[in-house]
Amino acid sequence: MGVIELQIAQNWLNSLSLSPGDSVALLDESRTILARHPQIPKVSDNHIANFQIPAVLHAPTAEASNVAQSDIDGHERLLGFSKTGNFPLIVAYGIDQSRMLEQWQWRTIELTVGYFFLLLLAGISARHQWTILRQKEELHSSEEHFRMLAENMADIVWRTDALLNFTYINRADQQTRGFSREEVIGTAVQESLTPQGQAILDTKLKDRRAIKMAAPPCVAFQYELPMRHKNGGQVWIEVSSVPIYGSDGNIKGYQGIGRDISERKRHEAQLLQSQQQLENQLHQAAQEKTALQELATRDPLTGLYNRRYLDATFLRELARSRREEQPLAVVMLDLDHFKQVNDQYGHAAGDEVLKALAQLLRQGARESDLIARYGGEEFVAIMPNMSAQQAWERVQSWRTQLEAMPIVFANLHIRVTLSAGIAIFPDHGQSPSQLLTRADEMLYQSKLAGRNQITLAALEPHGPLVDGSANPA
Ligand SMILES: Nc1nc2c(ncn2[C@@H]2O[C@H](COP(=O)(O)OP(=O)(O)OP(=O)(O)O)[C@@H](O)[C@H]2O)c(=O)[nH]1
């Protein structure tokens, strides 16, 4: 038997850390409370615990438990009992029942909420699965729908892999080009093209690569391709194609539609041909018109302008000279005794002489000069911006050259001379008719003076200047 100091026991119990509502007590076997925490004010009053100590506690290290309400503080506790070896002492510790219940309730709530979340998750998962199934069904159905549409389209619907091998083509291709689907699928697109079509496709693929560098990738390309027909001919197809991109951003194929435009191409070619013909005809007509205009304005024998053209142009040239306040020389020329040439050598020889004179007049003319055959063996030269002196020198040059020049025809050497009259605007006339009349009068003077002469009209009263070698200045 040992002796326990009660105060030491009380101190030991006080040092224990208890949760609110819990208690611990040291009892003897008759249920007398020797020490307690929370402490009872007077333990020495031999307070008897109100619970029964379980019978099993008679063994030295026995333990037991039960539930009892404390008559000290009214708390209902779950009590545990421990026998302290061979001492007649028992430690009773009590856990507050309401706290235990509270813990149990929280646990229940936690479990309930957990179950609820589990159910919720299960519900969401089920719904998700159902949605995926629905989407799969819809996808399948839309693919079927697409396939049905594609199969029944009049246009060619196609798809290729990245290497341009056909992976799908609809029925319309066979109707358009004659090849069966089996003959086409798995073959390279290039095999279906004519050499011209292959060249076009090469260009388009280069364009596609260039545009991929600079622009958004899904650009549709449209172009016209000549494709092979099974019968050996060709079919023009208007192609619209877009690339198919993989999730890595690389092109994994192409797809698009093609429309047979052979008929349109035929019409276009016909139209182009007709247009070309029309353009040729128009060009020919323009040339004929120019030729006709030339004929209408030129003398056919000499190629010089004719009298009609001279009459139509003279007024305009005169107006320009008046506006620019410049002189204009009018020269009238005539071959001397030309009738004799015709009579002596024949009309053809006479023609040759006329042509030789025309050539001579042309050689000495400026761009702005207008030389015309006025009629028979008579010629007129209208020379803007030309003074009397310059006109005289020019005509003198013609006269002397002709005089010295034998005209060769067959084996003939024909020599001729000319006579000329000169009138100057504004000194000798204000209108074409006045100036032509005056020049003709001067020509007549030259003839009268013996031919092979030039006569320049002079301001009255000096009279005309007549001499084949005279200088008007
Ligand atoms: N070969 C040829 N002769 C032409 C042409 N036109 C006119 N004649 C001739 O030119 C001649 C003109 O004769 P005339 O008017 O008498 O003049 P001319 O003989 O030159 O005498 P003058 O003028 O006085 O020196 C005619 O014989 C015409 O037949 C032509 O285109 N070709």
Side-chain angles (χ1 to χ4, degrees), residues 291-314 329-365 369-382 391-392 394-423 428 433 435-457 463-470:
L292 278 173
Q293 278 173 342
E294 286 287 294
L295 274 178
T297 57
R298 300 240 177 217
D299 166 51
L301 179 70
T302 61
L304 295 177
Y305 286 114
N306 58 23
R307 183 172 182 165
R308 191 183 323 130
Y309 184 74
L310 181 111
D311 289 341
T313 318
F314 194 176
V330 179
V331 181
M332 198 162 271
L333 296 157
D334 190 283
L335 286 167
D336 298 326
H337 302 302
F338 188 57
K339 185 175 181 305
Q340 288 175 16
V341 174
N342 274 335
D343 292 347
Q344 194 176 345
Y345 304 110
H347 202 270
D351 283 354
E352 208 56 39
V353 171
L354 289 172
K355 284 198 270 183
L357 175 60
Q359 182 63 21
L360 180 68
L361 298 179
R362 248 196 307 263
Q363 275 172 12
D369 295 343
L370 198 154
I371 316 287
R373 185 182 177 195
Y374 207 59
E377 86 297 17
E378 207 171 39
F379 297 83
V380 170
I382 306 286
W392 179 274
R394 171 67 57 83
V395 181
Q396 184 73 319
S397 162
W398 286 336
R399 189 190 67 75
T400 53
Q401 283 185 74
L402 185 68
E403 186 179 29
M405 180 180 79
I407 295 157
V408 179
F409 177 71
N411 54 355
L412 299 171
H413 285 67
I414 305 165
R415 290 189 175 272
V416 287
T417 57
L418 63 82
S419 296
I422 305 172
H428 309 127
S433 64
L435 288 161
L436 284 169
T437 304
R438 197 68 190 276
D440 194 36
E441 284 168 5
M442 295 306 102
L443 170 62
Y444 184 67
Q445 291 290 327
S446 295
K447 293 277 182 184
L448 279 182
R451 296 183 171 77
N452 195 19
Q453 305 280 322
I454 306 164
T455 306
L456 171 64
L465 182 61
V466 183
D467 196 323
S469 58

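In what follows, residues are counted from 1 in the order of the sequence shown. For clarity, every value in this text was computed on a predicted model and none was experimentally measured. Order of listing sets the numbers, starting from 1, for every ligand and every atom in it.
- Residue Phe338 places its CZ atom among more than 12 non-hydrogen atoms of other residues, nucleotides or ligands, all under 6.0 Å distant.
- Residues Tyr374 and Asp299 form no side-chain contact, since every pair of their non-hydrogen atoms from C-beta on lies 4.5 Å or further apart.
- Scanning for salt bridge (charged side-chain N to carboxylate O under 4.0 Å, His left out) contacts around Asp343 gives Lys339, with sequence neighbours left out.
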May I have the list of side-chain donor-acceptor pairs in residues 409-422 shorter than 3.5 Å, sequence neighbours left out?
residue: Arg415; atom: NH1; partner: Ala404; partner atom: O; Å: 3.4
residue: Thr417; atom: OG1; partner: Asp336; partner atom: OD2; Å: 2.7
residue: Ser419; atom: OG; partner: Asp336; partner atom: OD1; Å: 2.7
residue: Ser419; atom: OG; partner: Asp336; partner atom: OD2; Å: 3.4
residue: Ser419; atom: OG; partner: Asn452; partner atom: N; Å: 3.1

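- A distance limit of 4.0 angstrom between heavy atoms and ligand 1 selects the residues Asp334, Leu335, Asp336, His337, Phe338, Lys339, Asn342, His347, Gly350, Asp351, Leu354, Arg373, Gly376, Glu377, Lys447, Arg451.
- Within the cation-pi definition used here (under 6.0 Å to the ring centroid, within 45° of the axis), Arg373 does not qualify as a partner of Tyr305.
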Could you pull out every donor-acceptor pair under 3.5 Å between side chains of residues 345-361 and any protein atom, sequence neighbours left out?
residue: Gln359; atom: OE1; partner: Arg362; partner atom: NH2; Å: 3.4

